[in-house]
Amino acid sequence: MKTSWRSASLVASAAAVLALTTACGQDSPPAASQNVGATAAPGDYGSIGSGASGGVGGTASSQPAAPSPTGLSNPAGKLSVSTAEIGKVVTDSLGLTLYRFDQDTEQPPKSNCDGDCAKTWPPVPADDAEAGEGIDKALLGSVTRSDGTKQLTVGGWPAYRYAKDVNAGDVKGQGVGGKWYALAPDGKKVQEGAGDAGGAAEAEELGLSTRNDPKLGEIVVDKNGMTVYRFKKDKAWPKPVSNCTGACLEKWPIVEPVDFADTKGIQEKGYMIFDRTDGKGKQQTINCSPIYTFAGDKAPGDTNGQGVGGTWYAVRPDGKLVGASE
């Protein structure tokens with residue numbers, strides 16, 4: 001994928017967008033917005049149901065076994081390539097699927113999954129990992145985690161197991177939260193329903209785009225094809241305010257900043273980012289309204305978050321709610 005045209009920093013891009021568009025309810029661009037709203041009550045953000053996900057990056061809410069004293073999971077042993085229902089995936093010596101996290105980085109390698117996240121997604125130790133059949137030894141490496149331990153990387157991406165995968169061949173972590181994917185032998189993520197090569201390339205390039213849902217009409221989706229939602233209790237004017245915090249964000253992960261040049265079919269007016277005050281960083285808006293994905297959506301095309309609690313709805317390209325009044 002060509003990325004040279006996106007080499008400018010996100011900060012500069014965001015500033016350019018704000019300079020070109022009318023600020024939310026103002027004649028001139030405002031300073032970064034602050035989240036001053038109250039946390040949504042549990043009944044407001046809905047229940048995902050059995051097998052659903054929560055936690056960091058949409059991770060599962062169930063409590064896995066306690067991690068090892070080093071903070072890493074069991075040794076990886078000899079890695080190999082297995083054919084699962086979603087395609088070819090990297091597995092450890094026990095046949096358990098290895099995953100990668102979209103919020104990590106490969107250049108340089110860095111893990112952003114710690115604490116409770118690492119309990120649900122145990123990091124794979126690097127020390128004893130070796131390349132088996134179908135694995136290119138040159139793609140294996142390691143990254144030093146925040147606790148000083150060494151985590152295995154494949155193609156630069158930190159590798160994890162999923163606590164709910166208990167049998168060889170399980171791929172229950174695939175697509176969780178729209179951020180977790182099985183590792184392919186080349187270090188890329190395994191994606192289902194990508195279509196032909198051209199379609200997959202376009203989906204990978206676009207941070208936000210639209211699709212025509214048979215029931216909801218034209219709606220916004222993220223780079224993974226996952227449906228984007230709004231929370232009716234949020235505010236857009238005179239500045240964005242997110243009222244989804246704490247446990248709410250386990251079920252409704254925020255959409256992080258996306259350069260407007262990395263979108264297609266999205267309204268430019270009111271397309272801006274704002275600073276949250278709960279330690280979750282910056283969040284993207286459409287028409288000044290904060291946007292999210294739903295951990296209960298497991299695959300591109302899912303719209304399980306539509307109408308949840310009477311407060312969560314899919315988003316039109318102009319930022320309006322689908323099937324609800326403002």
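This chain uses plain numbering: 1 for the first residue, then up along the sequence.
- At a threshold of 4.5 Å between non-hydrogen side-chain atoms, the residues Ser82 and Lys88 do not count as touching.
- Side-chain contact between Thr149 and Thr144 is absent, with no heavy-atom pair separated by less than 4.5 Å.
- Residues Met226 and Ala299 approach most closely at SD-C, 3.6 Å, considering heavy atoms.
- Under the 4.5 Å side-chain heavy-atom criterion for Ile, Leu, Val, Met, Phe, Trp and Tyr, Leu98 and Ile135 are members of the same hydrophobic cluster.
- In this structure, the side chains of Glu256 and Gln103 come closer than 4.5 Å at one or more pairs of heavy atoms.
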*Begin from the C-alpha positions of Val176 and Tyr162 and carry the test side-chain contact (heavy atoms from CB on, under 4.5 Å) through to its verdict.*
CA-CA 10 Å; Val176 167; Tyr162 184 41; 4.3 Å; yes
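- Judged purely by atom type and a 3.5 angstrom limit, Thr263 uses its side chain to pair as donor or acceptor with the backbone of Phe260.
- Without hydrogens or angle criteria, Asp302 side chain to Asn304 main chain gives no donor-acceptor distance under 3.5 Å.
- The same ILVMFWY cluster, assembled from side-chain heavy atoms under 4.5 Å apart, contains both Val258 and Ile286.
- Judged by distance alone, the side chain of Thr153 and the main-chain N or O of Gly141 form a donor-acceptor pair under 3.5 Å.
- Aromatic ring centres of Phe294 and Trp252 lie closer together than 6.0 Å.
- Just one residue in the list Val255, Asp102, Leu208, Asp262 forms a side-chain contact (heavy atoms from CB on, under 4.5 Å) with Lys223, and that residue is Asp102.
- Glu326 contributes a side-chain N or O that, together with a main-chain N or O of Leu321, makes up a donor-acceptor pair within less than 3.5 Å.
- When every heavy atom of Ser242 is checked against every heavy atom of Arg276, the shortest pair comes out as OG-NH1, 2.7 Å.
- Under a hydrophobic-cluster definition in which Ile, Leu, Val, Met, Phe, Trp and Tyr are linked whenever side-chain heavy atoms come within less than 4.5 Å, directly or via other members, Leu183 and Leu140 are assigned to the same cluster.
- By the rule that hydrophobic residues join a cluster once side-chain heavy atoms approach within less than 4.5 Å of another member, Val171 and Phe101 end up as members of one cluster.
- Looking only at atom types and distance, the side chain of Arg161 has no donor-acceptor partner in the side chain of Thr97 under 3.5 Å away.
- In the model, Lys189 has a side-chain atom that pairs as donor or acceptor with a side-chain atom of Asn224 under 3.5 Å.
- Across every non-hydrogen atom of Arg145 and Ser111, the tightest pair is NH1-OG, 2.8 Å.
- Note that CZ of Arg100 and CH2 of Trp121 are 12.5 Å apart. Values are rounded to the nearest 0.5 Å.
- Criterion: ILVMFWY side-chain heavy atoms under 4.5 Å apart, direct or through other members. Under it, Val89 and Leu96 are not part of a common hydrophobic cluster.
- Proximity of a side-chain donor or acceptor of Asp92 to a complementary backbone N or O of Leu79 within less than 3.5 Å is not detected.
- Note that the CD1 atom of Ile273 and the SG atom of Cys288 stand 12.5 Å from one another [nearest 0.5 Å].
- Between the side chains of Thr210 and Glu218, a donor-acceptor pair is found at a separation under 3.5 Å.
- Remark: side-chain polar atoms of Arg211 are not paired, donor with acceptor, to backbone N or O of Val220 under 3.5 angstrom.
- Defined by atom type and a distance below 3.5 Å, a donor-acceptor pair is present between the side-chain atoms of Asp114 and Ser146.
- A donor-acceptor pair under 3.5 Å is formed between the side chain of Asp222 and the backbone N or O of Gly225.
- When side chains are defined from C-beta on, Thr227 does not count as touching Val315, because their heavy atoms never get closer than 4.5 Å.
- Side chain of Arg316 to backbone of Val322: no donor-acceptor contact under 3.5 angstrom is found.
- The backbone N or O of Lys172 lies less than 3.5 Å from a partner atom in the side chain of Asp165, making a donor-acceptor pair.
- Taking 4.5 Å as the limit, every side-chain heavy atom of Lys239 sits out of range of all side-chain heavy atoms of Phe274.
- Under the 4.5 Å side-chain criterion, counting only non-hydrogen atoms from C-beta, Glu133 is not in contact with Ser80.
- Side-chain rings of Tyr292 and Tyr229 stay apart, their centers remaining 6.0 Å or farther from each other.
- The closest side-chain donor-acceptor pair between Ser289 and Asn287, if any, does not fall under 3.5 angstrom.
- Among all heavy-atom pairs drawn from Pro123 and Tyr160, the shortest one is CA-CD2, 3.9 Å.
- Checked against a 6.0 Å centroid threshold, the rings of Trp180 and Tyr99 do not count as neighbours.
- Heavy-atom minimum distance, Ala168 versus Leu94: CB-O, 3.5 Å.
- A donor-acceptor pair under 3.5 Å is formed between the side chain of Gln306 and the backbone N or O of Ala314.
- In Lys232, the NZ atom is crowded: over 12 heavy atoms of neighbouring residues, nucleotides or ligands sit closer than 6.0 Å.
- Nearest heavy atoms, Pro75 versus Asp128: CB-OD2, 3.1 Å.
- Applying the side-chain contact (heavy atoms from CB on, under 4.5 Å) criterion to Leu139, with sequence neighbours excluded, gives Asp136.
- By the neighbour-count criterion of 12 heavy atoms within 6.0 Å, atom CD of Gln107 is sparsely surrounded, having that number or fewer from other residues, nucleotides or ligands.
- A heavy-atom distance below 4.5 Å is not found between the side chains of Val154 and Trp157.
- Counting heavy atoms from C-beta outward, Leu152 and Pro158 have side chains that stay 4.5 Å or more apart.
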